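Right, one structure below, let's go through it.
Since this is a predicted model, take the numbers as computed values, not measurements. Residue numbers count from 1 along this sequence. As a basis for the values below, the full set of heavy atoms in this structure was taken, side chains included, without hydrogen atoms, waters or symmetry mates.
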Amino acid sequence: MRLPNGFGSVYKLKGNRRNPYMVVLTKGYVRAECNIKREKVILGYYPTKKKALHALADYHENPYDIKTHTITFAELYERWSDEHFKTLKNKSAIRTYTAAFNHSEPLHNMRFKDIRPNHLEKTIEDAKVGQATKSKMKSMYNLIYKYALKYDIIEKNYAELCNSVKIERKNNRIPFSKEEIKNLWNHIDQIPFADMILIGIYTGFRPIELVQLKNENVNLDENFIIGGTKTKAGTNRTVPIRFDIKPLIAKRYNPSNEYLFNDYNMFEHDIVPLTYDKYRGRFKKVMTALDMTHSPHETRHTFITYAKESNINDYLLKKIIGHEIRDVTEKIYTHRTTEELINLSLIHISEPTRQEAI
């Protein structure tokens with residue numbers, strides 16, 4: 001049966017193929033030298049001619065954007081990342097998603113509409129990476145599928161069905177003991193960046209937030225720092241400077257530099273901002289020198305642990321560490337002042353004090 005002009009064509013491809021029938025539509029016509037050339041676009045590939053003709057008929061009955069219908073995982077990732085990365089405030093988050101995409105290579109050239117849970121699960125299972133990256137892969141798939149649903153590229157979120165892939169989440173963070181905190185105080189003048197770890201312990205800033213603290217937001221006279229990232233509640237929050245660490249911060253403070261913590265470029269003989277990756281390296285060296293086993297994020301965990309042990313008001317604590325306050329009454333009608341935050345006394349975290357340690 002001959003198809004009407006402009007309706008499209010069905011071709012059978014050579015070789016032993018699972019889907020040998022290709023459906024082609026006419027996108028338009030262009031002039032090529034003395035001839036008129038037809039621009040074609042592939043609608044899809046099908047196992048039988050009957051299914052190919054049905055797909056062609058369905059398309060004409062309910063036309064759709066062929067580009068979104070044939071878009072690959074890699075192409076959709078590019079569209080999603082262009083939009084999503086603009087919402088991220090640090091480069092390390094972008095790097096983790098980029099790594100997750102790079103380890104998803106088996107999906108790259110697959111048409112997004114053809115991907116099913118088994119494809120996603122196998123890609124995660126076969127990836128030669130640690131649990132953290134596998135967790136980021138699964139998280140990224142969910143975000144991309146939500147993006148695809150938003151723009152009517154798919155009708156179902158298959159990433160939600162990846163139940164066979166269980167990502168082990170490590171919740172066994174261990175706070176610094178009081179003996180370890182005392183040991184850090186004892187070595188702040190001998191081991192570089194030991195002071196930075198203490199400042200992290202006494203303020204509750206995330207490691208990435210520490211390296212982004214700006215001198216212009218350090219108020220030594222009124223004893224507070226404005227800083228923080230990641231969430232709406234965590235951005236630009238007021239964090240008190242305890243008397244214990246005020247001398248450490250004052251020593252680092254230099255209005256001539258943009259950031260409170262800096263590094264030294266040996267080749268350019270200049271002060272440069274300290275990156276998160278470099279901070280992790282410095283942190284590891286301090287841990288090795290003092291025979292401790294902690295991760296960078298455990299400074300924040302230490303602050304939260306000792307603050308709770310000291311029965312610090314829960315709402316004040318949430319404001320300091322940047323957690324969302326869900327209680328509507330507290331959130332709307334109670335105004336916690338900067339002075340209240342500064343006057344906090346974290347008794348247990350300040351024992352032993354530096355004076356005792358020395």
Side-chain angles (χ1 to χ4, degrees), residues 90 92 173-215 217-220 223-231 234-253 259-263 273-290 292-310 312 317-323 341-342 344 346 348-354 357:
N90 61 76
S92 63
R173 290 198 176 103
I174 301 174
F176 284 76
S177 67
K178 291 172 184 175
E179 291 73 20
E180 289 175 323
I181 295 173
K182 182 176 181 178
N183 200 14
L184 285 166
W185 279 115
N186 284 335
H187 291 88
I188 56 173
D189 296 323
Q190 293 82 37
I191 301 177
F193 290 92
D195 63 325
M196 191 173 180
I197 294 176
L198 282 167
I199 292 172
I201 289 174
Y202 280 73
T203 60
F205 279 121
R206 298 177 178 89
I208 189 63
E209 295 173 335
L210 275 177
V211 302
Q212 293 178 356
L213 290 178
K214 293 187 175 182
N215 280 301
N217 293 327
V218 176
N219 194 320
L220 290 170
N223 299 315
F224 68 87
I225 303 175
I226 295 177
T229 59
K230 193 172 182 179
T231 64
T235 302
N236 295 329
R237 62 187 187 271
T238 299
V239 175
I241 299 175
R242 279 194 47 81
F243 68 90
D244 314 68
I245 60 168
K246 188 172 181 177
L248 304 184
I249 295 175
K251 190 174 181 179
R252 290 274 187 176
Y253 179 77
Y259 295 97
L260 183 64
F261 299 103
N262 297 279
D263 199 15
L274 183 70
T275 65
Y276 174 63
D277 289 337
K278 288 183 178 179
Y279 170 70
R280 287 172 55 190
R282 304 292 188 277
F283 184 95
K284 187 175 181 180
K285 287 181 179 179
V286 176
M287 293 297 99
T288 301
L290 297 180
M292 297 181 188
T293 305
H294 287 285
S295 67
H297 200 83
E298 287 177 351
T299 57
R300 177 175 167 86
H301 183 66
T302 301
F303 175 87
I304 296 172
T305 299
Y306 286 131
K308 288 182 176 180
E309 284 185 3
S310 300
I312 295 301
L317 178 58
K318 285 182 177 180
K319 287 184 75 69
I320 292 174
I321 62 178
H323 282 179
L341 297 175
I342 295 169
L344 284 177
L346 305 184
H348 293 300
I349 201 172
S350 65
E351 295 177 357
T353 64
R354 185 186 180 190

Please name the pair of heavy atoms, one in [X] and one in [Y], separated by the smallest distance, quoted to 0.1 Å.
| X | Y | answer |
| --- | --- | --- |
| Val211 | Ile208 | CG2-O, 3.2 Å |
| Val286 | Ala194 | CG2-N, 4.1 Å |
| Tyr276 | Pro207 | CE1-CB, 3.5 Å |
| Ile201 | Leu184 | CD1-CD1, 3.9 Å |

Practice problem: Run through Leu220, Leu213, Asn219 and flag the one making a side chain to side chain contact (heavy atoms under 4.5 Å, CB included) with Ile225. | Solution: Leu213
Is there a donor-acceptor pair closer than 3.5 Å between any side-chain N or O of [X] and the backbone N or O of [Y]?
| X | Y | value |
| --- | --- | --- |
| His294 | Ile174 | yes |
| Glu298 | Ser295 | yes |
| His301 | His297 | no |
| Asn262 | Leu274 | no |
| Arg300 | Phe205 | no |

Self-check item: Worked check of side-chain contact (heavy atoms from CB on, under 4.5 Å) between Met292 and Asn183
Solution: CA-CA 10 Å; Met292 297 181 188; Asn183 200 14; 3.8 Å; yes
Got a second to check how far [X]'s [atom1] is from [Y]'s [atom2], nearest 0.5 Å?
| X | Y | atom1 | atom2 | answer |
| --- | --- | --- | --- | --- |
| Thr275 | Phe261 | OG1 | CZ | 14.0 Å |
| Asn217 | Thr238 | CG | OG1 | 9.5 Å |
| Leu198 | Leu248 | CG | CG | 6.5 Å |
| Glu180 | Thr293 | CD | OG1 | 8.0 Å |
| Phe176 | Thr302 | CZ | OG1 | 5.5 Å |
| Ile197 | Leu290 | CD1 | CG | 7.5 Å |

Quiz item: Would Lys251 and Asp195 satisfy salt bridge (Lys or Arg N to Asp or Glu O under 4.0 Å), going step by step from the backbone distance to the final call?
Solution: CA-CA 10 Å; Lys251 190 174 181 179; Asp195 63 325; over 6 Å; no
Practice problem: Evaluate the ring planes of Tyr202 and Trp185, with Trp represented by its six-membered ring, and classify them as parallel (under 30°), tilted (30 to 60°) or perpendicular (over 60°). | Solution: perpendicular
Quiz item: In terms of heavy-atom contacts, does CZ of Arg280 have more than 12 from other residues, nucleotides or ligands at under 6.0 Å?
Solution: no
Quiz item: Are more than 12 heavy atoms from other residues, nucleotides or ligands located less than 6.0 Å from atom NZ of Lys246?
Solution: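 More than 12 heavy atoms, drawn from other residues, nucleotides or ligands, come within 6.0 Å of this atom.
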Self-check item: Partners passing side chain to side chain donor-acceptor pair (under 3.5 Å) against Lys308 (at least two apart in sequence or in another chain)
Solution: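 Partners of Lys308 under the side chain to side chain donor-acceptor pair (under 3.5 Å) test: none.
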Self-check item: Over-ring placement of Arg206 relative to Phe303, 6.0 Å and 45° cut-offs
Solution: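 Arg206 over Phe303 ring: no.
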Exercise. Determine whether Val218 and Arg252 make a side-chain contact, defined as any pair of heavy atoms from C-beta on separated by less than 4.5 Å.
Key: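 In short, these two side chains do not touch, never coming nearer than 4.5 Å.
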